[in-house]
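Atoms within a ligand are numbered from 1 in the order they appear, just like the ligands themselves. Reckoned from all heavy atoms, side chains included, excluding hydrogens, waters and symmetry mates.
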Amino acid sequence: MNEASSGSGSAGATWCVLVAAGAGERLGGGRPKAFVGLGGRPLLAESLERLDASDWIDAIVVAAPPGWEEPAILLAEELVASKVAAVVTGGATRAESVSVALAEVPADALVVLVHDAARPLVEDGVIERVLGGLAEGVDGVVPALPIGDTVKSVDRGIVSQTVDREALVAVQTPQAFVAGRLRAAYAGELAGATDCASLVERAGGRIAVVAGDRRLVKVTTAADLELVAWLAAEDRR
Ligand code: CTP
Ligand code: MG
């Protein structure tokens, strides 16, 4: 395996794109977020190990931060993450990183799962739910949680409206897509997309929502990292 090599072509029907190319500015760890320490190893190790071990996933493409491709390849080797078919250099935005990684997914892949390395504690349960949702004939499936906090619109520091949170959910990854639908969505304009599903929606696709996972916390700030480290340590006990 080497950088941007796609191995021996299609290794199966379900491919996973693992995006890990962000800078981690809000975390401020002095290095890209994927390589900040979590339980004594790079944060990326946690999701990569879990996805590689999942029977639902046939092959993985990792988008690494520019200049961190080699450490990503070495990490995959150390973990014996044998499903990693390619490590690519991520782009300037999440959507661009997904796009570069998608180019390494073979044309005959049926389903693409896209996951953020920033959510380390991915489990088979949520993978099974999003993949199961695809069987219902939609173009994509996202895991989501109800919103606990009261949500307000704010204009220059003053509340303009209290939003009805019953109609809102907070969306996580992994998100699952019919491969062709995701590719078609990524052939269009990528600006302004914070997740893959929004691009598929923009292209007219139908996205279903399944139950997310409270433990699938996204590491954005140092406080999130502390929480995830604690949850990960619980898992090992
Ligand atoms: N991501 C990526 N390429 C980018 C930006 C983000 O692959 N150019 C990935 C991140 O590595 C992360 C996921 O997308 O796994 C969600 O992004 P986010 O949490 O915003 O991570 P960062 O962009 O690294 O953090 P920040 O915005 O604080 O810099
Ligand atoms: Mg970001």
Side-chain angles (χ1 to χ4, degrees), residues 3-4 15-38 41-52 57 60-73 75-76 81 84-105 112-123 126-127 130 140 142-145 170-177 182 185-186 189-200 212-213 215-229 231-232:
E3 186 188 336
W15 280 63
C16 179
V17 164
L18 178 57
V19 283
E25 270 169 32
R26 288 168 290 179
L27 181 60
R31 55 177 64 202
K33 184 154 69 185
F35 290 92
V36 162
L38 174 69
R41 37 182 216 171
L43 183 124
L44 173 60
E46 194 69 38
S47 54
L48 186 53
E49 186 173 62
R50 289 164 180 253
L51 294 168
D52 193 79
I57 293 167
I60 301 169
V61 180
V62 180
W68 291 79
E69 302 85 351
E70 203 58 38
I73 292 168
L75 179 65
V84 176
V87 173
V88 299
T89 309
T93 63
R94 181 189 188 276
E96 285 170 27
S97 295
V98 172
S99 181
V100 175
L102 261 184
E104 295 296 320
V105 174
V112 178
L113 210 63
V114 183
H115 186 61
D116 290 342
R119 296 184 190 272
L121 304 182
V122 57
E123 286 181 13
V126 70
I127 294 172
V130 292
V142 299
L145 297 174
V171 172
Q172 304 177 311
T173 69
Q175 301 186 348
F177 300 93
L182 187 63
Y186 271 82
E189 176 60 53
L190 302 183
T194 55
D195 75 348
C196 298
S198 58
L199 289 175
V200 177
D213 182 346
R215 297 167 50 85
L216 207 38
V217 175
K218 178 159 169 276
V219 175
T220 303
T221 65
D224 301 326
L225 184 61
E226 272 179 46
L227 172 58
V228 169
L231 291 169

Less than 4.0 Å is my threshold; does some heavy atom of [X] fall inside it relative to ligand 1?
X     : answer
Ala23 : yes
Ala34 : no
Gly24 : yes

> Pick from Val17, Val61, Val62: which one makes a side-chain contact (heavy atoms from CB on, under 4.5 Å) with Val88?
Replying inline: Val61
> Does Ala118 reach ligand 1 with a nitrogen or oxygen that is under 3.5 Å from one of the ligand's nitrogen or oxygen atoms?
Replying inline: yes
In terms of residue, atom name and distance, what is the protein heavy atom nearest to [atom]?
atom                    : result
atom 14 (O) of ligand 1 : Arg94 CG, 3.5 Å
atom 26 (P) of ligand 1 : Glu25 N, 3.5 Å
atom 17 (O) of ligand 1 : Lys218 CE, 4.3 Å
atom 18 (P) of ligand 1 : Lys33 NZ, 3.6 Å
atom 15 (O) of ligand 1 : Val19 O, 2.8 Å

> Can you list the atoms of ligand 1 that are under 4.0 Å from a heavy atom of Ser97?
Replying inline: 2 (C), 3 (N), 4 (C), 7 (O), 8 (N)
> With atoms numbered from 1 as shown, which atoms in ligand 1 lie under 4.0 angstrom from a non-hydrogen atom of Ala92?
Replying inline: 8 (N)
>> Under 4.0 Å, heavy-atom basis, I'd like to know which part of Ala21 is in contact with ligand 1: side chain, backbone, both or neither.
In response: both
So, do [X] and [Y] sit near enough that their side-chain heavy atoms are less than 4.5 Å apart?
X      : Y      : value
Gln175 : Leu182 : no
Val219 : Pro120 : yes
Leu75  : Arg41  : no
Leu225 : Leu43  : yes
Glu123 : Arg50  : yes
Val114 : Leu102 : no
Thr173 : Asp195 : no

Nearest heavy atom to [atom]: which of [options] does it belong to?
atom                    : options                     : answer
atom 28 (O) of ligand 1 : Arg26, Glu96, Arg119        : Arg26
atom 8 (N) of ligand 1  : Gly22, Gly90, Pro120, Gly91 : Gly91
atom 4 (C) of ligand 1  : Val62, Leu44, Thr93         : Thr93

>> If you compare all heavy atoms of Val130 against all heavy atoms of Pro174, which two are closest, and at what distance to 0.1 Å?
In response: CG1-O, 3.5 Å
>> If I compare all heavy atoms of Glu189 with all of Leu199, which pair ends up nearest, and what's the gap?
In response: O-CD2, 3.4 Å
